[in-house]
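Below is one structure, written out as structure tokens, with a few remarks after it.
Quick note: residue numbers are just sequence positions, from 1. Both counts, for ligands and for their atoms, begin at 1 and track the order of listing.
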Amino acid sequence: MDFELVHTDECTHARAGVITTDHGKIQTPIFMPVGTVASVKAVHQRELRDDIKAQIILGNTYHLYLRPGLDILRQAGGLHRFNGWERPILTDSGGFQVFSLSDRRKLTEEGAHFRSHIDGSKHLFTPENVVDTQRIIGADIMMALDECTPGDADYDYAKKSLALTRRWLDRGWKHFCETEGLYGYKQTFFPIVQGCVYPDLRIEAAKHVADLGADGNAIGGLAVGEPTEKMYEMIEVVNEVLPQDKPRYLMGVGTPANILEGIERGVDMFDCVMPTRNGRNGMLFTRNGIMNMRNKKWADDFSPLDPEGTSYVDTCYSKAYLRHLFISEEILAMQIASIHNLAFYVWLTQEARRQILAGTFKSWKDEMICRVTTRL
Ligand code: PRF
């Protein structure tokens, strides 16, 4: 994998770059739609590619390992062949999902022991076997096994947790360096900076991560219950230390405003379930603000969903029609909302890129923050 830093903004830390993988190029900053179980929920690959203009999607090791399982993925020739997505794929390592989904789990030096949320069966993720699993999935970018420290952890807990993440990282990195991909294209491995809301821990973690010299680096453990201002402060602290010439990925963040603030602080890659999950519940994110499509106020509003929107659903369907679909619990409601929201998120990051290149990012961003946080 290669990263070309095309331009850094003069007023902020925002950057425009290009990541090159064996499955194609990614123009950064970029938003990556989440396809947890090998599908971006309610969205076809053709809509993802042609309408949403997704350049890379996410998969989750935890889910794919449990279902369909490694035998099927290996037989398919990897996830790209299995789900028909020919562009880059990034997979999360599973640690975070073990914590959010599994009923019973325990961390030891060895790894993360857990029971499946599907059938209760027992499993162990180690820093090494999640590399092997991500090799079988065939992710272009794989993630290290980490412990996502809760946002309200005390200093002692955060310090111990970070020490474990660090030992796991060294094991995972070593194993990655000693193994090869199965399908003839290159795979890469991103380490993850943890350290909760404590600047000294974050700096120590970022130094350790930077020293590995990976192709790209991730910031984890944010948007997990800490105050938003702390999240922004931690991004600043970490990005001071992470190398300039490698992409930086802020994991699982966030609202449109969080993404703009992240870009301003030098983040290049984002993912979040919000556009799809909140979309399925009737929430639409637009450049003019947030709409709850179940609201009565849209019942007789026949104007397009988003007149300036970039996807065909934005001008094809009216607010009144989408409200009707949500109230009637029609499947199409979830499809339309997911396509709209993902297209908006991808547009937001690509428009940020254009503004960075034009030298107008800061003023554009300040105006966008006001717009995207408005409740319509
Ligand atoms: N670690 C991993 N995946 C993640 C996170 C993390 O800290 C987060 C936190 N926002 C989301 N996804 N491995």
| Is it true that G221 lies under 4.0 Å from ligand 1, counting heavy atoms only? |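 Yes; G221 lies near enough to ligand 1 that a heavy-atom distance drops under 4.0 Å.
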| said: Does the residue Q194 have a heavy-atom contact with ligand 1, meaning some pair of atoms that are separated by less than 4.0 Å? | reply: yes
| query | What about I192: any of its N or O atoms under 3.5 Å from an N or O on ligand 1? | reply |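 So ligand 1 has no N or O lying under 3.5 Å from an N or O of I192.
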| query | Is G220 in polar range of ligand 1, meaning some N or O pair under 3.5 Å apart? | reply |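 No, there is no polar N/O contact under 3.5 Å.
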Under 3.5 Å, is there a donor on one side chain and an acceptor on the other for [X] and [Y]?
X    : Y    : value
H175 : N129 : no
T8   : H13  : no
S338 : H340 : no

| query | Is the centre of the Y65 ring less than 6.0 Å from the centre of the F125 ring? | reply | yes
To check your reading of the model: name the closest protein heavy atom to [atom], its residue, and the distance in Å.
atom                    : result
atom 6 (C) of ligand 1  : D146 OD2, 3.7 Å
atom 10 (N) of ligand 1 : L222 O, 2.6 Å
atom 3 (N) of ligand 1  : D92 OD2, 2.6 Å

| Between the main-chain N or O of Q350 and the side-chain N or O of Q355, is there a donor-acceptor pair closer than 3.5 Å? | no
| Is it true that the NZ or CZ of R287 lies under 6.0 Å from the centre of F344's six-membered ring and within 45 degrees of the ring axis? |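 The answer is no, since R287 fails at least one limit relative to F344.
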| query | Can you list the ligand 1 atoms lying under 4.0 Å from a non-hydrogen atom of M251? | reply |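 Going through ligand 1 atom by atom, the ones under 4.0 Å from M251 are 1 (N), 2 (C), 3 (N), 4 (C), 5 (C), 8 (C), 9 (C), 10 (N), 11 (C), 12 (N), 13 (N).
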| Nearest-0.5 Å distance that lies between atom CH2 in W168 and atom CD in E109 | 8.5 Å
| query | Heavy-atom distance to atom 12 (N) of ligand 1: which of F190, Y62, F96 wins? | reply |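 The nearest heavy atom belongs to F96.
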